[in-house]
Amino acid sequence: MTAPPDDGTRVELYRTMVLARTFEEAMLREYHADKGPGFDIGKGLVPGEMHLAAGQEPVAAGVCAHLTTDDAVTATHRPHHFAIAHGIDLRRMAAEIFGRETGLGRGRGGHMHLFDPATHFSCSGIIAEGYPPALGQAFAFQRKGTDRVAVAVTGEGAANQGAFHESLNLAALWRLPVVFVVEDNDWGISVPRASSTCVPSNAVRAAGYDMPGERIEDNAVEAVYAAAGRAVARARAGDGPSLIEVHTLRLWGHFEGDAQAYRKDIEDVPGRDPLPTYERTLREAGLLDEAGAAAVKAEAVEKVEDAVRFAKESPAPDPAEAGRYVFADGGPA
Amino acid sequence: MTAPPDDGTRVELYRTMVLARTFEEAMLREYHADKGPGFDIGKGLVPGEMHLAAGQEPVAAGVCAHLTTDDAVTATHRPHHFAIAHGIDLRRMAAEIFGRETGLGRGRGGHMHLFDPATHFSCSGIIAEGYPPALGQAFAFQRKGTDRVAVAVTGEGAANQGAFHESLNLAALWRLPVVFVVEDNDWGISVPRASSTCVPSNAVRAAGYDMPGERIEDNAVEAVYAAAGRAVARARAGDGPSLIEVHTLRLWGHFEGDAQAYRKDIEDVPGRDPLPTYERTLREAGLLDEAGAAAVKAEAVEKVEDAVRFAKESPAPDPAEAGRYVFADGGPA
Amino acid sequence: MTATASRHRLTTAKAMVDGIAAEMERDESVIVLGEDVGAYGGIFSSSTGLLDRFGATRVIDTPISETAFIGLGIGAAVEGLRPIVELMFVDFFGVCMDQIYNHMAKISYESGGNVKVPMVLTTAVGGGYSDGAQHSQCLWGTFAHLPGMKVVVPSNPYDAKGLMISAIRDDSPVVYMFHKGVLGLPWMAKNPRSVDEVPDEPFTVPIGKARVARAGSDVTVVTVSLSVHHALDVADRLATEGVDVEVLDLRSLVPLDREAILTSVAKTGRLVVVDEDYLSYGLSGEVVATVTDVDPGLLRAKVARVAVPDVPIPYAHALEYAVLPRPERIEAAIRAVVGA
Amino acid sequence: MTATASRHRLTTAKAMVDGIAAEMERDESVIVLGEDVGAYGGIFSSSTGLLDRFGATRVIDTPISETAFIGLGIGAAVEGLRPIVELMFVDFFGVCMDQIYNHMAKISYESGGNVKVPMVLTTAVGGGYSDGAQHSQCLWGTFAHLPGMKVVVPSNPYDAKGLMISAIRDDSPVVYMFHKGVLGLPWMAKNPRSVDEVPDEPFTVPIGKARVARAGSDVTVVTVSLSVHHALDVADRLATEGVDVEVLDLRSLVPLDREAILTSVAKTGRLVVVDEDYLSYGLSGEVVATVTDVDPGLLRAKVARVAVPDVPIPYAHALEYAVLPRPERIEAAIRAVVGA
Ligand SMILES: Cc1ncc(C[n+]2csc(CCOP(=O)(O)OP(=O)(O)O)c2C)c(N)n1
Ligand SMILES: Cc1ncc(C[n+]2csc(CCOP(=O)(O)OP(=O)(O)O)c2C)c(N)n1
Ligand SMILES: [Mg+2]
Ligand SMILES: [Mg+2]
């Protein structure tokens, strides 16, 4: 149905994944830079919980390749890869994570609460609760007579939350242009998929909502790209929602500081990293050589470090203004 | 799989349905007896909302025929037929509906809040929220090593609530002895099924929870009996939950006072009453003659009127004690 | 409005719908979503006639999936629509509060003011007709405690229309709580004050300004919604005994018109708070603290709080009336405070 | 306990687990359910070691389906088990509040006392480590406003154990709210008071009795949880200036020990309420009203309420600290009230 990605697109997919990974590596570094002595979660330039998405880049890259910034994406507590793949401004995103006045939310939101009207991007720290607002964005797009779509993301753990069910039913009932994405990284914090979900695939649940459901087993960006292409095309054509589940990989801990003692597969994890795999694929296809890969990486590093620098140099919000923006007039609470 | 009901059981099913209907007719009468002049919902011996289940008796009779009072039932805002089929004490139930101190909840609960520890019966006015507690009852039964089961009921409208999804997943995951029942009476208040549910049958959703799902199209008590027999047997055997959806009939309004102007099929409704149909079936089978049917009815009337009398003669709760029973020690709040 | 502006006698429910219709007429982006808002016209007549007038693309029945459709309202508001979304009974907030308080109410703040959620959440509140513990609550204290949403609680037809128009035009989320007992529904006991003359033209009542429903000098009764009617009835009765009661109708809990409370208490020196929500950790305490934050010396007598005494709303009529702030309890409280 | 009873120094988290373990040992019907309570031992170490000790049939990881598993706890409690169910962060109450407040909390009343729900709902509360608007709230005011559940809020190891044992043995539902900042977690800033000597033997702390954490004569600080630590630190500092602060640790919001509040305020005549929950319609107003219900004349100065000023908890450290009741704000409030 969807054409396989052309050569340019394949390199683009790679570029997106590298950018996302580079960002996560920088966050990892900055996050841990000043938590010591010991580890104090509230300390440092980037305090609080930090959920990084390393290993899950194929999902974001493959899906967002079909979107423009007129389309909406609602992501999860683990939002960076989707934000980046969807084209969010890196500087303002980094600044938000550093809690600066120049951030997407002027430092009020933080890494789980990134809102970008320019790309119709948002995320939420409450699992599965990003699905319902995506319906509303899709509803508004449909109503305006456009072919814009909304992508809604959850993890496999979140797919057992009530909001999942309600959202799929309503989207199907009203034929809303939504693509539901489930990132199955095998874990909901320390709880393995088999202890949370009674079926091996959320794709089988799609039938209960009269929508196509696909599961991609191997965390391969091009397989995601193909499935997402079908789903986005269907949504743009006015044929309603679809569900895509990707069996992906949580390369690191649930959040930073997670010792992962519960994770028996931990040895095996680095070998499953999708990034070198895809690099190899593109090399074998003659689309990338060592220099080319290095250039992609260098470009990503430059962008990310620029964003980090921007963030660090940006002013912190004025504590006297902590009460502003509770209401739409921007005034104090 | 399950044997068809034997002759005695068939008459029993009929008896249960007649008793439930007779109770509802009495409630209808008592409810409207003193709402005037005009109709004031807060007036009379039976004030408040009143959701009657006339037409839905086959579901309750067919399911509960497989239960003993050691099994649990959690019902909905429309609970009487299940309460009766499950063997709740009619007097204490009527007394509760009349708001008397002798009622199941000493008049604190009312018709949507019937709790009977003797039969492990309960219900809730919040749609679909009766499912989760049923899981806990099943969990306790399983843990005690018994083969007791829990039956959880919702309407088809409620099946689009998040609690439905969460409950089915958890029950399947932990192989809990639960039978999920969906009463599809075509309507959620004024909203037709097609405007609430994106699939023609909730039974198809069962596959998303790795459990058997069956839909019974014709509101026939023996079909319900057969399906429920399979589901209860499965649960007692330790094989986990099942889902049964019955296409039943809301003979009257959503609640009393509902003019049903939205209901285009209204003319057609009385002809679909399952009670005369089943009576005919039993007559044709030679299990019931006119006198027999009359006797069943007379017995039901006697029980129901006794219960109503008991309720009316019972004392009202003492307003000075309105604050009691908030906590388990029974003392004032 | 000019002096010749036309008016009609409307129930509170009709006035509310009138406000919605006026805004739907004026602004294409206003839509109505909820359970039974279409053909049924709202279980409590909160959308009667709107389907016929504006059609099924703007007045939309939803499945019983509050999380999904309230969330849908949020997303639609973010993209520029102005949805009015109905939660049929406030008592059901527990199935969908996350969308309401963690999303609808926080997005403005979390986005540093970059995203607006111009949405109205309408919901029916209140008891008094034996609907039991899950269908009779007010819960405005619960909503008002959580930041980021305005909370509006009209008591009469004029305010119902004016506050509704203000709510729809507000760029912040507004929770609009209508008490079943003030609506003037034909099938429920009602106070004569639930029908009144209302201007036909659109007009606004500012959100955050209390109204002195009755001026008086001996004691201040601070209250909202149906209890305003009861308080006024009691005040009329006590006036014949020479007790002059001031009744303050807050009209909104967020923002709370603290000035109005202070002004009145400064005048009377005596305070009774009447609240159909639960007593503890709610409106009544907040009103008291509004005074003590400034000067406890304003209070010349102990304060009386007439509220539901931390008991689920009982079903049986006599029990329910024992816990509700009925006129008898209000009167007794005023007498105690003024020493009459 | 005898004078020779053995004791160990424990963090609040360990003391809480100690209480759970003691009851699990004693009573087969006590089980633990929740997200990551098993192998992980609770995200905030609220169940560390229990899986190893009691096995997977009594310490059970759940799917992320709060409505389903809290409801399951209710049904299990009704059938005679004594479940301890964890809601990982109180901030998530919005996805499951119906089971909590309409079911767990109301079944006793609706059944006229015929059904008991002996369940403990544990949940982590509080901010101070930049976890943002959806993971930093206290919300005890929200729970305490709604009838039918006891609400327990320990501030230290001894109380954590004793209140946990009381909660498990209570036949009513108890919401047990532990502030992350009092747990003594190795990975979070902590007050020295989050480690203390705790008797090894089981013991109970009665639910509903406040504790005078520090006796004083000039001003009463009424507070709970982490703010107790801050208040004590401030009290120590002010003592050097001759300001004698009484600190009252409420320990539970429901029941509220109104006697203790009144006794203290009658003595000092001055009141500061410190509350990490939102300011309006919450704990601080209720404490004030407890006094004015009896005698506003007890208050010789205006009351200071130090709480989160109706703002979602901001992420950036400086903003968050500006809205939290940090020691600096507490100190300033006390100074203002005593005129020092
Ligand atoms: C309603 C709700 N319950 C619990 C949590 C706590 N929590 C945050 S992430 C998480 C695990 C989510 O697992 P999954 O959906 O698979 O996403 P992943 O973290 O694997 O990306 C949990 C339990 C939450 N944020 N919201
Ligand atoms: C969570 C929740 N939302 C809405 C309602 C209001 N309500 C009561 S019954 C009902 C319709 C239920 O339809 P269905 O589940 O099909 O049951 P039926 O009434 O047809 O038996 C609605 C919307 C409720 N009680 N709870
Ligand atoms: Mg996962
Ligand atoms: Mg129905």
Side-chain angles (χ1 to χ4, degrees), chain A residues 72 74 92 96 101-110 112-118 120 122 124-126 128-141 143-144 148 150 152 161-171 173-174 176 317 323-331 333, chain C residues 28-29 31 33 57-58 60-83 85 95-119 147-150 169-174 207-208 254-255:
Chain A
T74 67
R92 296 190 62 208
E96 186 59 27
E101 187 65 28
T102 54
L104 289 165
R106 301 181 203 264
R108 271 97 179 142
M112 282 189 277
H113 308 290
L114 305 169
F115 291 88
D116 182 22
H120 304 271
S122 63
S124 170
I126 310 297
E129 296 283 329
Y131 268 22
L135 304 187
Q137 297 179 290
F139 177 89
F141 296 163
R143 198 169 187 80
K144 286 174 197 150
R148 295 158 65 189
Q161 180 73 211
F164 175 88
H165 172 68
E166 295 190 10
S167 299
L168 266 66
N169 180 62
L170 188 53
L173 192 69
W174 293 1
L176 297 174
R324 286 193 64 186
Y325 311 114
V326 176
F327 292 109
D329 60 11
Chain C
E28 264 291 314
S29 64
I31 59 171
L33 293 171
T57 61
R58 294 183 67 195
I60 311 173
D61 278 336
T62 60
I64 314 173
S65 307
E66 286 85 356
T67 291
F69 73 74
I70 292 174
L72 187 149
I74 296 168
V78 163
E79 296 297 340
L81 295 179
R82 302 186 89 84
V85 184
V95 304
C96 54
M97 193 58 170
D98 190 70
Q99 286 297 326
I100 296 170
Y101 104 105
N102 261 338
H103 293 84
M104 182 187 84
K106 288 184 183 160
I107 288 175
S108 171
Y109 190 77
E110 291 169 333
S111 71
N114 290 316
V115 179
K116 298 194 196 319
V117 187
M119 165 170 164
M149 42 193 161
K150 300 188 179 176
R169 293 185 188 172
D170 202 307
D171 280 339
S172 298
V174 178
I207 297 175
V254 180

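Letters A, B, ... are given to chains in the order of the sequence lines, protein chains preceding strands, and every chain is numbered from 1.
- Shown here for A/E166 and C/E66, the closest heavy-atom pair between the two residues is OE1-N, 3.7 Å.
- Ranked by non-hydrogen atom pairs under 4.5 Å with chain C, the options A/E129, A/R106, A/Q137 are led by A/E129.
- Using a 4.5 Å cut-off between heavy atoms, A/L168 does not touch chain C at all.
- Heavy atoms of C/V95 lying under 4.5 Å from chain A are absent altogether.
- For A/W174 against C/D61, the heavy-atom pair with the smallest separation is CZ2-O, 3.5 Å.
- Atom OG of A/S124 sits about 9.5 Å away from atom NZ of C/K106, to the nearest 0.5 Å.
- For A/D116, no part lies under 4.5 angstrom from a heavy atom of chain C.
- Within the 4.5 Å cutoff, no side-chain heavy atoms of A/F115 are placed close to those of C/V78.
- With a threshold of 4.5 angstrom between heavy atoms, A/A163 approaches chain C through its backbone and through its side chain.
- Residue A/I126 touches chain C through its side chain alone, counting heavy-atom pairs closer than 4.5 Å.
- For chain A, the nearby parts of C/T62 are the backbone and the side chain; heavy atoms of each come within less than 4.5 Å.
- Among C/E28, C/R58, C/E79, the one residue that satisfies the side-chain contact (heavy atoms from CB on, under 4.5 Å) test with A/R143 is C/R58.
- Using a 4.5 Å cut-off between heavy atoms, A/Y131 does not touch chain C at all.
- The heavy-atom pair separating A/F139 from C/I60 by the smallest distance is CZ-CD1, 3.7 Å.
- Contacts between C/I70 and chain A at a heavy-atom distance below 4.5 Å are absent for every atom of the residue.
- The greatest number of non-hydrogen atom pairs below 4.5 Å with chain A, out of C/I31, C/D170, C/N114, C/D171, is found for C/N114.
- To the nearest 0.5 Å, atoms CZ (A/R108) and OG (C/S111) are separated by 10.0 Å.
- Here C/T57 is the residue among C/T57, C/V254, C/V115 with the most heavy-atom pairs under 4.5 Å with chain A.
- Only the side chain of C/N102 has a heavy atom closer than 4.5 Å to any heavy atom of chain A.
- Checked by atom type and distance alone, the side chain of C/S108 pairs as donor or acceptor with a backbone atom of A/Y325 at under 3.5 Å.
- A/L176 touches chain C through its side chain: at least one heavy atom from C-beta onward sits under 4.5 Å away, while N, CA, C and O do not.
- Looking at A/P133 and C/Q99, their side chains come closer than 4.5 Å, going by heavy atoms from C-beta outward.
- The parts of C/K150 that come within reach of chain A are both its backbone and its side chain, each placing non-hydrogen atoms under 4.5 angstrom from that chain.
- If you tally non-hydrogen atom pairs under 4.5 Å between each of A/P117, A/S167, A/G110 and chain C, the highest count goes to A/P117.
- Contact annotation for C/M149: only backbone heavy atoms (N, CA, C, O) come within less than 4.5 Å of a heavy atom of chain A.
- Distance CD/A/Q161 to OG1/C/T67: 8.0 Å, rounded to 0.5 Å.
- The minimum heavy-atom distance between A/A328 and C/K116, with the atom names listed, is O-NZ, 3.4 Å.
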